[in-house]
Novice: 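The structure's right below; bear with me while I get my questions together.
Heads up: numbering here begins at 1 and tracks the sequence.
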Amino acid sequence: PMANREKNKKTLLELAKLSQNCCCADCGAADPDWASCTLGIFVCLNCSGTHRNLPSVSRIKSIRLDFWDDELVQFMKANGNRAAKNFYEKFVPVFYYQPQPDDCVYEGMLWKKGKDNGQFLERKFVLSVHDFTLKYYKEDESKGPKATISVKDLNATFQPEKIGHAYGLQITYCVDHHTRNLFVYHKNGQEIVNWFNAIRAIRHVYLKTAFPTASDGDLIPWITRNYLKEGYMEKTGPLQREPFKKRWFILDSLNRKLLYFKTQLDAIELGVVFIGSENHGYSVRECVPKGTRGNKWKCGVIVETPDRQFVFMCEQERDQRGWVEALKTVISKPMMPQDYTSKIITLLSDVLIKYNKTKHK
């Protein structure tokens with residue numbers, strides 16, 4: 001019943017104010033409003049992300065937003081941070097460092113592909129929950145980070161085949177509305193999985209901070225995601241009189257974007273097409289366009305948008321069918337409020353890309 005739910009929430013909030021519980025059990029940050037209902041401790045939002053990566057050890061709940069039954073509330077009452085510390089940290093050596101509220105989440109060395117060449121060099125990466133950034137450094141750290149990447153638009157996806165290493169990870173982010181790729185690997189499989197989980201943890205914390213009322217179910221698809229389809233197609237320009245050029249395409253169904261790059265290991269996108277929904281005038285079909293030139297491949301895909309028609313060529317019918325199906329999947333999804341913003345940003349981004357290309361000619 002609702003009354004009982006409110007009573008339990010009130011009890012938990014009072015427990016969290018007690019002197020033994022009013023600081024995060026892990027890092028000491030003030031006013032924790034998350035709790036591990038399996039360990040009986042109160043933790044802050046940042047540390048809750050770490051606990052979520054250990055679901056078999058610690059189950060995390062919000063003391064404000066989640067439902068708590070009487071039994072769990074009694075368990076929290078019987079335990080708490082002080083009792084848990086006395087029990088779990090009984091044999092921790094005095095020299096052992098306790099995390100602080102503004103510490104990094106994760107740092108270490110990764111082999112990173114050079115932006116303009118295929119060479120992978122060892123670089124130090126630092127993932128910081130304090131300012132929601134991923135930084136990486138060249139050999140001389142005193143010069144500061146080579147890049148500071150906001151966690152806001154960060155995505156990570158395992159790409160062993162593309163990168164050519166069993167433990168390869170592609171990290172994608174945005175700079176001035178342009179998509180950038182970093183290709184990294186580690187020689188140790190567990191280490192790359194740790195990096196992937198650390199990125200997921202910081203993304204989850206960021207999303208919880210940015211959208212405090214959203215449920216975990218709403219946020220999970222946005223933490224990290226695989227792309228719906230990737231591969232080479234040939235494309236022509238808006239007038240359809242320009243010669244076809246081979247490009248590597250990535251379909252990000254969550255952001256409704258079809259991105260294209262010169263090669264599959266390119267750092268910077270060449271352009272982007274926003275893929276709206278059917279009832280906004282978007283469609284896709286197989287075709288064999290007439291009067292095309294410069295194309296080596298013959299299996300055509302036409303994407304109609306309210307602004308223009310895009311013509312792509314695939315090498316084989318199998319690829320053609322795959323792209324049409326993938327694009328249909330996105331087109332059949334209704335647009336969400338955030339998609340309208342994404343569309344405006346995508347169109348602006350494409351204008352900027354074209355302007356910069358013209359300027360540098």
Novice: For Asp31, look at atom CG and say whether over 12 heavy atoms of other residues, nucleotides or ligands are found less than 6.0 Å away.
Specialist: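 No, CG of Asp31 has 12 or fewer neighbouring heavy atoms, counting only those of other groups under 6.0 Å.
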
Novice: Is it the case that one hydrophobic cluster holds both Tyr88 and Val43, taking links as side-chain heavy atoms less than 4.5 Å apart, direct or via other members?
Specialist: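 Result: yes, single cluster for both.
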
Novice: Could you walk me through whether Glu234 and Lys296 satisfy the side chain to side chain contact (heavy atoms under 4.5 Å, CB included) test, starting with their C-alpha distance in whole Å, then the side-chain angles of each, then the deciding distance to 0.1 Å, before giving a yes or no?
Specialist: CA-CA 8 Å; Glu234 292 180 331; Lys296 290 190 180 73; 3.6 Å; yes

Novice: Just wondering, more than 12 heavy atoms not from Lys77 lying within 6.0 Å of its NZ?
Specialist: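 Not buried by this count: 12 neighbours or fewer within 6.0 Å.
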
Novice: Run the side chain to side chain contact (heavy atoms under 4.5 Å, CB included) check on Val301 and Val284 step by step: do they pass?
Specialist: CA-CA 7 Å; Val301 173; Val284 60; 3.7 Å; yes

Novice: Would you find a donor on one side and an acceptor on the other, under 3.5 Å apart, between the side chain of Ser58 and the backbone of His51?
Specialist: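 Side chain of Ser58 to backbone of His51, a donor-acceptor pair under 3.5 Å: no, none is there.
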
Novice: Could you check Gln74 against Asp70 for side chain to side chain donor-acceptor pair (under 3.5 Å), going step by step and ending with a plain yes or no?
Specialist: CA-CA 6 Å; Gln74 286 310 311; Asp70 296 355; over 6 Å; no

Novice: Between OG of Ser253 and CD1 of Ile331, what distance do you get to the nearest 0.5 Å?
Specialist: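 So the OG of Ser253 and the CD1 of Ile331 are separated by 12.5 Å.
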
Novice: Assess the residue pair Leu154 and Thr172 against the criterion (side chain to side chain contact (heavy atoms under 4.5 Å, CB included)); give the C-alpha distance rounded to whole Å, side-chain angles, the decisive distance to 0.1 Å, and a yes or no.
Specialist: CA-CA 6 Å; Leu154 197 66; Thr172 306; over 6 Å; no

Novice: What closest approach, in Å, do Asn81 and Cys23 show between heavy atoms, and which atom pair accounts for it?
Specialist: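 Answer, listing the atom of Asn81 first, then Cys23: ND2-O, 2.9 Å.
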
Novice: Within the 4.5 Å heavy-atom criterion, are Phe249 and Leu258 side-chain neighbours or not?
Specialist: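 A side-chain contact under 4.5 Å exists here.
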
Novice: Would you say CD of Glu317 has more than 12 non-hydrogen atoms from neighbouring residues, nucleotides or ligands within 6.0 angstrom?
Specialist: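 No, the 6.0 Å shell around CD holds no more than 12 heavy atoms from other groups.
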
Novice: Let me check something: do Val73 and Ile60 share a hydrophobic cluster, defined by ILVMFWY side-chain heavy atoms less than 4.5 Å apart, either directly or through other members?
Specialist: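 Different hydrophobic clusters.
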
Novice: According to a 4.5 Å side-chain heavy-atom criterion applied to Ile, Leu, Val, Met, Phe, Trp and Tyr, with indirect links allowed, do Met109 and Tyr185 form part of one hydrophobic cluster?
Specialist: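 Met109 does not cluster with Tyr185.
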
Novice: Side-chain contact, heavy-atom cut-off 4.5 Å: Met233 with Met313?
Specialist: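 When only atoms from C-beta onward are counted, Met313 and Met233 do not touch, as no gap falls below 4.5 Å.
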
Novice: Does Asp33 use its side chain to pair, donor to acceptor, with the backbone of Cys44 at less than 3.5 Å?
Specialist: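 No, the answer is negative, given that no donor and acceptor are paired below the 3.5 Å cut-off.
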
Novice: Is there side-chain contact between Val273 and Lys257, with heavy atoms separated by less than 4.5 Å?
Specialist: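 No, side chains not in contact.
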
Novice: Would a 4.5 Å heavy-atom cut-off, applied to side chains only, mark Trp111 and Lys187 as touching?
Specialist: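 The answer is yes; the side chains approach within 4.5 Å.
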
Novice: Atom OG1 in Thr329, atom CG in Leu228: separation rounded to 0.5 Å?
Specialist: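 Reported value, rounded in 0.5 Å steps: 5.5 Å.
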
Novice: With no hydrogens and no angle check, is any side-chain donor or acceptor of Arg203 less than 3.5 Å from a backbone partner on Lys152?
Specialist: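 Yes, Arg203 side chain to Lys152 backbone: donor-acceptor pair under 3.5 Å.
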
Novice: Please check this pair: side chain of Gln320 against backbone of Gly300, looking for a donor-acceptor N/O pair closer than 3.5 Å.
Specialist: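 A pair under 3.5 Å: yes.
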
Novice: Of all heavy-atom pairs between His186 and Ile192, which one has the smallest distance, and what is that distance?
Specialist: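 Reported closest heavy-atom pair: N-CD1, 3.8 Å.
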
Novice: When rounded to the nearest 0.5 angstrom, what distance separates CG in Leu12 from NZ in Lys61?
Specialist: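 Leu12 CG to Lys61 NZ: 9.5 Å, rounded to 0.5 Å.
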
Novice: Is any side-chain heavy atom of Leu251 closer than 4.5 Å to a side-chain heavy atom of Tyr227?
Specialist: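 No - every pair of side-chain heavy atoms lies 4.5 Å or more apart.
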
Novice: Ring centres under 6.0 Å, that's the criterion: do Tyr106 and Trp195 meet it?
Specialist: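 Yes - the distance between ring centres of Tyr106 and Trp195 falls below the 6.0 Å cut-off.
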
Novice: With no hydrogens and no angle check, is any side-chain donor or acceptor of Asp252 less than 3.5 Å from a backbone partner on Leu259?
Specialist: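 Checked: no pair found.
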
Novice: To the nearest 0.5 Å, what is the distance between CD1 on Ile268 and CZ on Phe261?
Specialist: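 Those atoms lie 9.5 Å apart.
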
Novice: Tell me the closest heavy-atom pair linking Ile202 and Ser128, and the distance in Å.
Specialist: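 Answer, listing the atom of Ile202 first, then Ser128: CD1-O, 3.2 Å.
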
Novice: Using the benzene-type ring in the case of Trp, are the ring centres of Trp248 and Tyr232 under 6.0 Å apart?
Specialist: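 For Trp248 and Tyr232, the ring centres are under 6.0 Å apart.
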
Novice: Could you check whether any side-chain heavy atom of Lys208 comes within less than 4.5 Å of a side-chain heavy atom of His204, counting everything from C-beta outward?
Specialist: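 Yes, their side chains come closer than 4.5 Å.
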
Novice: Check the pair Asn155 / Thr224 against side chain to side chain donor-acceptor pair (under 3.5 Å), numbers first and verdict last.
Specialist: CA-CA 5 Å; Asn155 188 34; Thr224 57; 4.8 Å; no

Novice: Inspect the surroundings of CD in Glu71 and state if more than 12 heavy atoms from other residues, nucleotides or ligands are less than 6.0 Å away.
Specialist: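 No, the 6.0 Å shell around CD holds no more than 12 heavy atoms from other groups.
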
Novice: Can you tell if the side chain of Tyr167 reaches within under 4.5 Å of the side chain of Val193, non-hydrogen atoms only?
Specialist: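 Side chain of Tyr167 against side chain of Val193, heavy atoms only: no contact under 4.5 Å found.
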
Novice: Could Arg123 and Glu139 be called an ion pair, given the rule that one side-chain N must be under 4.0 Å from one carboxylate O?
Specialist: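 Salt bridge: yes.
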
Novice: Yes or no on salt bridge (Lys or Arg N to Asp or Glu O under 4.0 Å) for Lys10 and Glu14, after CA distance, side-chain angles and deciding distance?
Specialist: CA-CA 6 Å; Lys10 190 167 178 270; Glu14 283 167 5; 3.4 Å; yes

Novice: According to a hydrophobic-cluster definition based on side-chain heavy atoms being under 4.5 Å apart (Ile, Leu, Val, Met, Phe, Trp, Tyr only), do Phe274 and Val324 belong together?
Specialist: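 Yes, it is one cluster - the side chains of Phe274 and Val324 are joined through contacts under 4.5 Å.
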
Novice: Under 4.0 Å between a Lys/Arg side-chain N and an Asp/Glu carboxylate O for Glu325 and Arg321?
Specialist: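 Here Glu325 does not pair with Arg321 in a salt bridge, since their nearest N and O are not under 4.0 Å apart.
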
Novice: For the backbone of Ile302 and the side chain of Arg285, can you confirm whether one donor and one acceptor N or O come within less than 3.5 Å of each other?
Specialist: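 No, the answer is negative, given that no donor and acceptor are paired below the 3.5 Å cut-off.
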
Novice: Taking atom OG1 of Thr148 and atom OH of Tyr136, what is their separation to the nearest 0.5 Å?
Specialist: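 If I round to the nearest 0.5 Å, the distance is 10.0 Å.
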
Novice: Quick one: sort the Phe196 and Phe158 rings into parallel, tilted or perpendicular, breaks at 30° and 60°.
Specialist: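 Tilted: the ring planes of Phe196 and Phe158 meet at 30° to 60°.
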
Novice: I'd like to check Leu121 versus Lys112 (side-chain heavy atoms, cut-off strictly below 4.5 Å). Are they in contact?
Specialist: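 Side-chain contact under 4.5 Å: no.
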
Novice: Say whether, by atom type as modelled, one donor and one acceptor occur between the side chain of Lys113 and the main chain of Leu265 under 3.5 angstrom.
Specialist: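 Yes: the side chain of Lys113 pairs with the backbone of Leu265.
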
Novice: What pair of heavy atoms forms the shortest contact from Leu65 to Arg5, and how long is it?
Specialist: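 Taking Leu65 first and Arg5 second, the nearest heavy atoms are O-NH2, 3.8 Å.
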
Novice: Group every Ile, Leu, Val, Met, Phe, Trp and Tyr by side-chain heavy-atom contacts under 4.5 Å, then state whether Ile220 and Trp222 land in the same group.
Specialist: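 As far as the 4.5 Å side-chain criterion goes, Trp222 and Ile220 are connected within one cluster.
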
Novice: Determine yes or no for a side-chain-to-main-chain donor-acceptor pair under 3.5 angstrom, with Asp218 supplying the side chain and Ala214 the backbone.
Specialist: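 Pair absent, no side-chain N/O of Asp218 close to backbone of Ala214.
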
Novice: Could you check whether Glu141 pairs with Lys124 (Lys NZ or Arg NE/NH1/NH2 to Asp/Glu carboxylate O, under 4.0 Å)?
Specialist: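 Result for this pair is yes, salt bridge flagged.
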
Novice: With distance as the sole test, does Asn21 use its side chain to make a donor-acceptor pair with the main-chain N or O of Leu15 at under 3.5 Å?
Specialist: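 At least one qualifying donor-acceptor pair exists.
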
Novice: Report yes or no: does Asn8 contribute a side-chain atom to a donor-acceptor pair with the main-chain N or O of Trp68 at less than 3.5 Å?
Specialist: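 Confirmed, Asn8 side chain pairs with Trp68 backbone.
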
Novice: Nearest heavy-atom pair of Val129 and Val205: which atoms, and what distance?
Specialist: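 Result for this residue pair: CG2-CG1, 4.1 Å.
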
Novice: Enter the distance from Gln316:CD to Cys299:SG here, rounded to the nearest 0.5 Å.
Specialist: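 Between atom CD of Gln316 and atom SG of Cys299 there are 8.0 Å.
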
Novice: Under the criterion side chain to side chain contact (heavy atoms under 4.5 Å, CB included), I'd like the reasoning laid out for Asp319 against Phe312: C-alpha separation, chi angles, the key distance, then a yes or no.
Specialist: CA-CA 11 Å; Asp319 304 328; Phe312 306 112; over 6 Å; no

Novice: Quick one: do Gln159 and Glu230 satisfy side chain to side chain donor-acceptor pair (under 3.5 Å)? Show the steps, please.
Specialist: CA-CA 11 Å; Gln159 295 276 17; Glu230 294 192 49; 2.7 Å; yes

Novice: Any idea which heavy atoms bring Met76 and Ser36 closest together, and the distance?
Specialist: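 The answer is SD-O, 3.7 Å.
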
Novice: Side chain to side chain donor-acceptor pair (under 3.5 Å) between Asn181 and Asp266: does it pass, once the steps are laid out?
Specialist: CA-CA 7 Å; Asn181 291 320; Asp266 260 29; over 6 Å; no

